[in-house]
Amino acid sequence: QLQLVESGGGLVQPGGSLRLSCAASGFTLDYYIIAWFRQAPGKEREGVSCISSNGRGTNYADSVKGRFTISRDNAKNTVYLELNSLKPEDTAVYHCAAARRPWITGNCLLSMPYNDYWGQGTQVTVSS
C-alpha cells in the first residue's frame, strides 16, 4: 500500500517540543519534495515547511520560522519536523504531503501543488 504515515504528535505544554515523523510506505521518497501542512479547527489549511528531494533546500512559514526545523533521511524513507518553543496557536492536525519532481532537487515552495500523496495527520495540542 502506497502511503505516508505521520507520527509523533501529542499534548505538550507551551514552550515544549515535539518531533513529528512522516514515513513513506510502498514507495521511495528520493524524488519527492515533501511539505508539512497544518489545519486547526475553523481555520484554513496552512503550509508550514517544505524540503527539497536532496534535503538542501527548505522553506518555512513566517509563523514557525526559527522554531521549527524540517529534515529528511532518505535512507530511512522518512521526513521529520522538529517543533520547538511551541505556542497554543500551533495546535492543529499536522499532515505531510509529497510531490514527485525528479527534475527539481535543491529547492521547494510551499505554494506548489502537493498532490501525489497525503498522510492522515497527527494531532498536536499545545496547552497548559
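Fair warning: this is a prediction, and the values are worked out from it, not measured in the lab.
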Can you find a heavy atom in the side chain of L83 that is under 4.5 Å from one in the side chain of L81? yes
Membership question, hydrophobic clusters at under 4.5 Å side-chain separation (ILVMFWY): are V5 and L2 in the same one? no
For the residue pair W118 and F37, does the interplanar ring angle fall in the parallel (under 30°), tilted (30 to 60°) or perpendicular (over 60°) class? tilted
Using only atom types and a distance under 3.5 Å, with no angle test, would you say the side chain of S53 pairs donor to acceptor with the backbone of Y31? no
Please determine whether side-chain contact (heavy atoms from CB on, under 4.5 Å) holds for the pair V124 and T91, giving the CA-CA distance in whole Å, both sets of side-chain angles, and the decisive distance to 0.1 Å. CA-CA 5 Å; V124 171; T91 295; 5.8 Å; no
How close do S85 and R67 get, counting heavy atoms only, and between which atoms? O-NH1, 3.0 Å
Y60, OH: over 12 other non-hydrogen atoms inside 6.0 angstrom: yes
If hydrophobic clusters are built from ILVMFWY residues whose side chains come within less than 4.5 Å, do Y80 and Y117 share one? no
Under the 3.5 angstrom rule, does the side chain of D73 hit a backbone N or O of K76 as a donor-acceptor pair? yes
So, taking the atom named CZ in R72 and the one named OG1 in T58, what distance separates them when rounded to the nearest 0.5 Å? 12.0 Å
I'd like a table of donor-acceptor pairs (distance under 3.5 Å, sequence neighbours excluded) in which one partner is a side-chain atom from residues 11-24, with atom names and distances.
{"residue": "S17", "atom": "OG", "partner": "N84", "partner atom": "OD1", "Å": "2.8"}

Mind checking the CD1-OG spacing from I70 to S52? Nearest 0.5 Å is all I need. 9.5 Å
Does K87 pair with D90 as a salt bridge, N-O distance under 4.0 Å? no
Evaluate D116 against Y32 for side-chain contact (heavy atoms from CB on, under 4.5 Å), listing each step before the verdict. CA-CA 9 Å; D116 287 297; Y32 287 84; 4.1 Å; yes
Same hydrophobic cluster for Y114 and I34, using side-chain heavy-atom links shorter than 4.5 Å among ILVMFWY? no
Main chain of C96, side chain of E6: is a donor-acceptor contact present, judged purely on distance under 3.5 Å? yes
Pairwise side-chain contact, S49 with F68, heavy-atom cut-off 4.5 Å (strictly under): no
Decide side-chain contact (heavy atoms from CB on, under 4.5 Å) for Q120 and Q3; before the verdict, give the C-alpha distance in whole Å, the side-chain angles of both, and the deciding distance to 0.1 Å. CA-CA 9 Å; Q120 83 291 346; Q3 59 181 350; over 6 Å; no
Would a hydrophobic clustering, with Ile, Leu, Val, Met, Phe, Trp and Tyr connected at side-chain separations under 4.5 Å, put L109 with I104? yes
Of the non-hydrogen atoms in S63 and E46, which two are nearest, and what is the gap between them? OG-OE2, 2.9 Å
Same cluster (ILVMFWY, side-chain, under 4.5 Å), I51 and I33: no
If you apply the rule side-chain contact (heavy atoms from CB on, under 4.5 Å), what do you find for L110 with V48, and how did you get there? CA-CA 8 Å; L110 284 170; V48 174; 5.9 Å; no
Verify whether one side chain among R38 and Y94 offers a donor that lies under 3.5 Å from an acceptor in the other. yes
Checking the side chain of N59 only, and the main-chain atoms of C108 only, is there a donor and an acceptor separated by less than 3.5 Å? yes
When you compare the side chain of R45 with that of H95, does any pair of heavy atoms fall below 4.5 Å? no
When rounded to the nearest 0.5 angstrom, what distance separates OG1 in T105 from CG in D30? 12.0 Å
Is it true that, when you exclude K43 itself, more than 12 heavy atoms of the residues, nucleotides or ligands shown sit nearer than 6.0 Å to its NZ? no
Within a strict 4.5 Å, meaning less than it, do heavy atoms of the F27 and L4 side chains meet? yes
